[in-house]
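Right, one structure below, let's go through it.
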Amino acid sequence: MAIRGRTAALTVIGSALVLSFIVFGVLLFRFKRGDDRNNEDYLLRAARQAERQDDPPLAAGYWRRLVALNQFKKEYKVAYCHALVRVRDFAALGTYTNSTPVKIELTPDEQRVEDSLRRGWHLEQSGSNDLAVACFEDATNCNYYAAAPHLIACHVRRGRLSAALTLARGYIKRFSMPGLIVQAAEWSALAARTNIIAEVKEAIPATSGYNGLVLGCYCDALVAWVNGDMAALADAMSSVGNGISTPLARLIALESAAAGDDPARLAVAYRSFKEAPAMLDFPVRARIAVKRFVAAHFPSKSPIVELGRLADLALADGWDDLEMLRVSLLAKLGNGRLMEDELSAAERRYPKDRGIKLIREGYVKSQSR
């Protein structure tokens, strides 16, 4: 009986130990899952939290991971599709729905956003800008992430840069959009608001890598440009390189080159500038920069041939400038490329100019040799 009693006791104790180990294993599993950022429970909580915070791209990322983790859960598939609608990535949505048996219908808010955007674009094309703004504002109220950039762009097309900058400043604090960061920094520079440029620079994510470094250097370049600090401008633009090629970036690169001593570099910068769309007074500023360089290096700091090429670049744009014309004619006279019809056209244009008369005398002498 004693042996049986001990056996029964050991059985009870053994069963208790087995149960304890099972409970311990379950608790350990739950603990590990709770601390694992790749587990399903964590991702689901994070996705729903991102939706509550109205962060569509973050939510889309979490739903995408959930779909990959559990491909049999219809809830995840539907939520992922709606997340793609909110970020307006219809290419990804089409690819996903073509490869996955899932069907969705737009919610009333999603349909309202699409309808408002469509009406806004149509009204803009017909010239009804005020009504277009109202449509874009309505879409923004339903989907700030996707619609606000369209409202900002509408203000820009209307020439309301102040309104565009105000909206952009709030947007880039929540969502990193490199193109909008560049625009906001440039609008701030055009308004000579270096304090806002600094604020915009702070919106560049620390995790954006090389592109973020380029954006930061460009912000530094804009500050230097506003302050007229050509040394700092040259240093910052050397780091930007070809990483940003907006019309203003090209103008800044040109003006930076014009502050140096390399005519070939300035010629390259001017040609690059001319490839960009003309904006505001940028063409006038570009010509003035070229003329300032020519004046600072004429007659002996740079070869006359190089200065003549710069003058020709500016004159080829239809710029009517007597001093640049003289430099062009002198350079061609110096290298034997001056043509009679070109000189005659200059004389007709400026019949009383003493400089052109002296060039004529030099041309006659060169022909008699």
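All residue numbers in this chain count up from 1 along the given sequence. What you are looking at is a predicted structure, and each value in this text was computed from that prediction instead of being measured.
- Under the 4.5 Å side-chain heavy-atom criterion for ILVMFWY residues, no single connected hydrophobic cluster contains both F282 and V268.
- Linking ILVMFWY residues whenever their side-chain heavy atoms come closer than 4.5 Å, directly or via other members, places V102 and L106 in the same cluster.
- The hydrophobic cluster containing Y210 also contains M237, counting ILVMFWY residues as joined when their side-chain heavy atoms lie under 4.5 angstrom apart, directly or transitively.
- Using a 4.0 Å cut-off between charged side-chain N and carboxylate O, R287 and D281 make no salt bridge.
- Between Y62 and Y42, the angle of the ring planes goes over 60°, which puts this pair in the perpendicular group of the 30/60° scheme.
- In this structure, D220 and K201 have side chains that are in contact, with non-hydrogen atoms separated by less than 4.5 Å.
- The side-chain heavy atoms of L123 and C135, taken from C-beta on, include a pair separated by under 4.5 Å.
- Counting heavy atoms from C-beta outward, Y270 and L310 have side chains that stay 4.5 Å or more apart.
- Side-chain N or O atoms of D235 include none that pairs as donor or acceptor with a backbone N or O of A231 at under 3.5 Å.
- Side-chain contact check for L325 versus Y350: some heavy-atom pair is nearer than 4.5 Å.
- A salt bridge does not link K357 to E347: none of the charged side-chain nitrogens sits closer than 4.0 Å to a carboxylate oxygen.
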(message) I'd like to know whether K274 forms a side-chain contact (heavy atoms from CB on, under 4.5 Å) with D317, so could you lay out the CA-CA distance, the side-chain angles of the two residues, the decisive distance to 0.1 Å, and finally the verdict.
(response) CA-CA 9 Å; K274 290 302 298 178; D317 296 329; 3.3 Å; yes
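- Side-chain atoms of T246 come within 3.5 Å of backbone atoms of A249 as a donor-acceptor pair (strictly under, hydrogens ignored).
- Between the side chain of S128 and the backbone N or O of L131, no donor-acceptor pair lies under 3.5 Å.
- Of the charged side-chain nitrogens involved, none lies within less than 4.0 Å of a carboxylate oxygen, so that D55 and R174 do not count as a salt-bridged pair.
- Relative ring orientation between Y171 and F175 is described as tilted, the plane-to-plane angle lying within the 30° to 60° band.
- With values rounded to the nearest 0.5 angstrom, I304 atom CD1 is found 12.0 Å from K332 atom NZ.
- Around the CZ atom of R349, the shell of radius 6.0 Å holds no more than 12 heavy atoms that belong to other residues, nucleotides or ligands.
- Salt-bridge formation is not detected for the pair D261/K301: no Lys NZ or Arg NE/NH1/NH2 atom is positioned less than 4.0 Å from an Asp or Glu carboxylate oxygen.
- Looking at Q71 and Y76, their side chains never bring a donor and an acceptor atom within 3.5 Å of each other.
- A distance-only check finds a donor-acceptor pair linking the side chain of T100 to the backbone of Y96 [under 3.5 Å].
- Of the possible polar contacts, one joining the D262 side chain to the A264 backbone as a donor-acceptor pair under 3.5 Å is found.
- Contact of the E51 side chain with the W63 side chain is registered, since non-hydrogen atoms from C-beta on lie closer than 4.5 Å.
- Judged purely by atom type and a 3.5 angstrom limit, S116 has no side-chain atom pairing as donor or acceptor with the backbone of V113.
- Judged by distance alone, with hydrogens and angles left aside, the side-chain atoms of S245 form no donor-acceptor pair with the main-chain N or O of N242 at under 3.5 Å.
- S344 and E340 share a donor-acceptor pair across their side chains, judged by distance under 3.5 Å alone.
- Across all non-hydrogen atoms, the minimal contact from I197 to S188 is CG1-CB, 3.6 Å.
- When each of E40, E75, K77, R65 is paired with N70, the side chain to side chain donor-acceptor pair (under 3.5 Å) condition holds for E40 and for no other.
- In this model, a donor atom of one side chain and an acceptor atom of the other lie less than 3.5 Å apart for Q111 and D115.
- You'll find the side chain of R250 reaches within 4.5 Å of the side chain of E275, heavy atoms only.
- Salt-bridge formation is detected for the pair E255/R285: a Lys NZ or Arg NE/NH1/NH2 atom is positioned less than 4.0 Å from an Asp or Glu carboxylate oxygen.
- Annotation: side chain of R118 is not in contact with side chain of H122 (no heavy-atom distance under 4.5 Å).
- Here the two rings, on W121 and H150, have centers that are under 6.0 Å apart.
- Considering only heavy atoms from C-beta on, R88 stays 4.5 Å or farther from L93 through its side chain.
- The backbone N or O of A134 lies less than 3.5 Å from no partner atom in the side chain of D138, so there is not a single donor-acceptor pair.
- Note on L358: it does not cluster hydrophobically with L322, by side-chain heavy-atom contacts below 4.5 Å among ILVMFWY residues.
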